[in-house]
Amino acid sequence: ASGRLLVTDLAQGTVFAVAPGGGAATVWLQGPELRSTFGPNQVVVTPKGDLLLDVTASTVPNAAGRGVLYRVPLTTASLPGKPTQVYATSPGEGPDGFALAVSGRVYLATLVTNRLVVIGPDGTEQASFGGLGSALDSPSSVTFVGTNVLVTNLTYFTNDRAHDQVLRVATADRGVPPIRPTV
């Protein structure tokens with residue numbers, strides 16, 4: 001609602017903010033939850049006004065090596081509160097991108113294990129599609145178009161150009177419309 005643009009930097013373990021209308025980026029969120037070789041990857045504003053943020057490979061003791069989805073509350077001044085863990089993958093799965101459904105489910109792509117994981121509003125894994133040897137080949141970005149989830153293949157490990165595709169997964173969900181700042 002503040003009109004800020006939030007940008008994740010996985011190498012620096014930081015979420016930067018750019019003021020409405022542009023300008024220099026400033027550090028908006030940092031912390032032990034975000035520090036990693038592959039830190040925060042994507043941030044999405046939820047309909048409730050808080051944020052969901054995924055970290056590709058956590059280094060915090062209770063989740064080391066796991067990908068973690070965090071909820072970040074916003075203060076009345078639109079500043080971040082303390083991130084709380086919503087979901088953690090198995091070690092080494094490497095979540096990359098995700099999309100949020102109106103139902104509260106999160107559709108999360110795991111780059112290393114070639115899965116599309118459906119996470120319920122309560123943080124439990126409800127379903128999983130793909131896996132090693134599937135049509136998913138290092139799935140990266142996820143977005144909704146109607147009731148379909150589109151997933152891009154990055155082919156990070158195979159480098160198989162025949163797999164450079166956008167795949168469609170039909171769901172019973174609809175995506176939350178993205179919130180875009182005005183510039």
Side-chain angles (χ1 to χ4, degrees), residues 5-11 15 34 36 38-58 63 65-72 83 85-183:
L5 171 66
L6 298 177
V7 180
T8 60
D9 184 327
L10 64 91
V15 178
L34 308 184
S36 177
F38 299 103
N41 204 318
Q42 183 176 348
V43 63
V44 173
V45 179
T46 73
K48 293 179 181 177
D50 55 0
L51 303 177
L52 288 179
L53 170 75
D54 71 327
V55 171
T56 303
S58 180
R66 298 174 184 269
V68 180
L69 182 67
Y70 289 103
R71 183 171 305 282
V72 181
Q85 181 177 311
V86 173
Y87 172 80
T89 68
S90 294
E93 289 204 69
D96 203 29
F98 65 91
L100 181 61
V102 173
S103 66
R105 290 185 192 96
V106 175
Y107 289 74
L108 176 73
T110 62
L111 182 81
V112 178
T113 55
N114 297 334
R115 294 191 317 141
L116 179 64
V117 180
V118 182
I119 304 161
D122 62 354
T124 61
E125 187 173 314
Q126 295 185 339
S128 173
F129 304 93
L132 298 176
S134 73
L136 294 173
D137 188 347
S138 304
S140 179
S141 297
V142 181
T143 193
F144 270 94
V145 175
T147 58
N148 293 307
V149 174
L150 302 182
V151 183
T152 59
N153 274 343
L154 184 61
T155 67
Y156 184 79
F157 300 103
T158 66
N159 202 29
D160 186 339
R161 294 295 156 229
H163 292 176
D164 285 343
Q165 304 172 32
V166 177
L167 304 171
R168 179 173 49 99
V169 178
T171 74
D173 278 326
R174 287 204 168 277
V176 171
I179 297 173
R180 301 194 195 299
T182 55
V183 179

Looking at residues at least two apart in the chain, or sitting in another chain, which of them share a salt bridge (Lys or Arg N to Asp or Glu O under 4.0 Å) with [X]?
X: D160; answer: none
X: D9; answer: none
X: R66; answer: none

(request) Without swapping roles, check the side chain of T56 against the backbone of P95 for a donor-acceptor pair under 3.5 Å. (result)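 Yes: the side chain of T56 pairs with the backbone of P95.
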
(request) Evaluate the side-chain proximity of L108 to T89: yes if any heavy-atom separation is below 4.5 Å, no if none is. (result)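 When only atoms from C-beta onward are counted, L108 and T89 do touch, with a gap below 4.5 Å.
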
(message) Is it the case that atom CZ in F157 sees more than 12 heavy atoms from other parts of the structure closer than 6.0 Å?
(response)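 Enclosed.
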
Suppose the criterion is salt bridge (charged side-chain N to carboxylate O under 4.0 Å, His left out): which pairs have a residue in [range], not counting sequence neighbours?
range: residues 144-154; answer: none
range: residues 116-138; answer: R115-E125
range: residues 41-54; answer: D50-R71

(message) Give me the atom names and distance for the closest heavy-atom approach of S58 to S36.
(response)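 Taking every non-hydrogen atom into account, N-OG, 4.4 Å.
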
(message) Tell me which pairs pass ring pair (Phe, Tyr, Trp, His ring centres under 6.0 Å) where either residue lies in residues 108-139, with sequence neighbours left out.
(response)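 Matches after skipping sequence neighbours: none remain.
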
(message) Applying ring pair (Phe, Tyr, Trp, His ring centres under 6.0 Å), can you list everything that pairs with F144, at least two apart in sequence or on another chain?
(response)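 Expected list: Y107.
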
Please identify each residue that fulfils side chain to side chain contact (heavy atoms under 4.5 Å, CB included) with [X], with sequence neighbours left out.
X: L10; result: F38, N41
X: T147; result: T171, R174
X: V45; result: L51, I179
X: S103; result: A101, R105, D173

